[in-house]
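Heads up: the structure comes next, in structure tokens.
FYI, side chains are in, hydrogens and waters are out, and symmetry mates aren't considered; it's all heavy atoms of this structure. In each ligand, atom 1 is the first atom listed, and ligand 1 is the first ligand listed.
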Amino acid sequence: MRAVAEANTNIALVKYWGKNDDTLNLPAVPSLSLTLDGLRTRTEVSFDAGESADTLILNEAAVAGEPLAKVSRHLDRVARELGLPSRPRARVRSHNNFPTAAGLASSASAFAALTVAATAALSPAPLHIDDSWRGRLSILARQGSGSAARSLFGGLSVLGTGTPGQVDSARGTPLLAETDWPDLRLVIGVATEAQKDTGSTDGMRHTAATSPYFAPFVAAAPSDLAAAIAAVRARNLEALGQVAERSALRMHASALAADPAIVYLRGATIEGLHVLRGLRKGGITAYFTCDAGPHPKALTTAADADRVAAAFAAIPGVLRTIVARPGPGARVIATGQEAAL
Ligand code: DP6
């Protein structure tokens, strides 16, 4: 009862921010994201009747407390989905191939990989992830972390809004495979983190509870999603970039208006936005986005990615840059006794 799975992280171009059901982790808004090549989590789950407790090793270090409890609850969820009344305790080992200290560690790739590995390990027959399974796995992953629902899919995918009380009301759906728009690039300016961030779960709860700008953000999301989907279908990067930039800035505006304010943006982040706007005046196609951390990110083309990365690298506070292509959806790497991280 052992399996290894991999999942890549994803960056939202239409942002998920806020829940309409905390217990079932259902999003208050629809989102659209790009799964990134090269930034992935690999996770081994090993169920063993001889173990007395679940254990979690993340990047070679033992992890306890709430992160372990969250993993245990997720393993319970997977077992229930497979119709198992109980499950053996598990050893979970997980490794990110991108530096966790840089603050890029993503719950998206983590919960997608955990979901797939745990399902493969507990399944009586080899898990073949067809479309129907991918949907079920996405619903499971979403309950661990909303953005993880999208990492089940490669390329561009959408996560819908949930209906409170209905666990299967929000899942990821594929929009374009990673090979369908090969010209897309996502550039990340890895910025210093002088302070620990508020995690996205707490950040979005606090925003929803206290920000007068949260309701307008939610109200604008469906039309942003429709515009983004139309832009993706037309392979129109300018149109997609414009939606991405305003969706990210509106998400941050709602967080900034929370009481007390949640400020993920740092000097390097804002500078990143200005740099991209300057590059656009010179004919470069690049649009800003940013998540629950300080790193400026840019949606751009293969031809312009190096120029954008160089411009980010020159910003004080940006340590290094990453250029990522569209990447694949979550997958099983190995099952059975031989499966190892
Ligand atoms: C800013 O998926 O981390 O990255 O569901 O509470 O685990 P939970 O939140 P999470 O939130 C992601 C927020 C975001 C935008 C996005 O990925 O859509």
**Prompt:** Which is it for Ser72 and Asp54 under the side chain to side chain donor-acceptor pair (under 3.5 Å) test, yes or no, and what are the steps along the way?
**Reply:** CA-CA 7 Å; Ser72 292; Asp54 294 330; 2.7 Å; yes
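Under 4.0 Å from any atom of ligand 1, one finds heavy atoms of residues Ala12, Lys15, Tyr16, Trp17, Lys19, Asn25, Ser107, Ser145, Gly146, Ser147, Arg150, Ser200, Thr201, Met204, Met251, Asp291, Ala292.
Atoms OH and OG, from Tyr264 and Ser200 in turn, are 6.5 Å apart once rounded to the nearest 0.5 Å.
The pair Glu238-Arg280 does not meet the salt-bridge criterion, since no charged nitrogen lies less than 4.0 angstrom from a carboxylate oxygen. Salt-bridge formation is not detected for the pair Asp224/Lys15: no Lys NZ or Arg NE/NH1/NH2 atom is positioned less than 4.0 Å from an Asp or Glu carboxylate oxygen.
By the ring pair (Phe, Tyr, Trp, His ring centres under 6.0 Å) test, His74 is found to be paired with Phe111, residues two or more places apart in sequence or in another chain being considered.
Just one of Ser109, Ser107, Ser151 meets the side-chain hydrogen bond (donor to acceptor under 3.5 Å, both in side chains) condition when paired with Thr41; it is Ser109.
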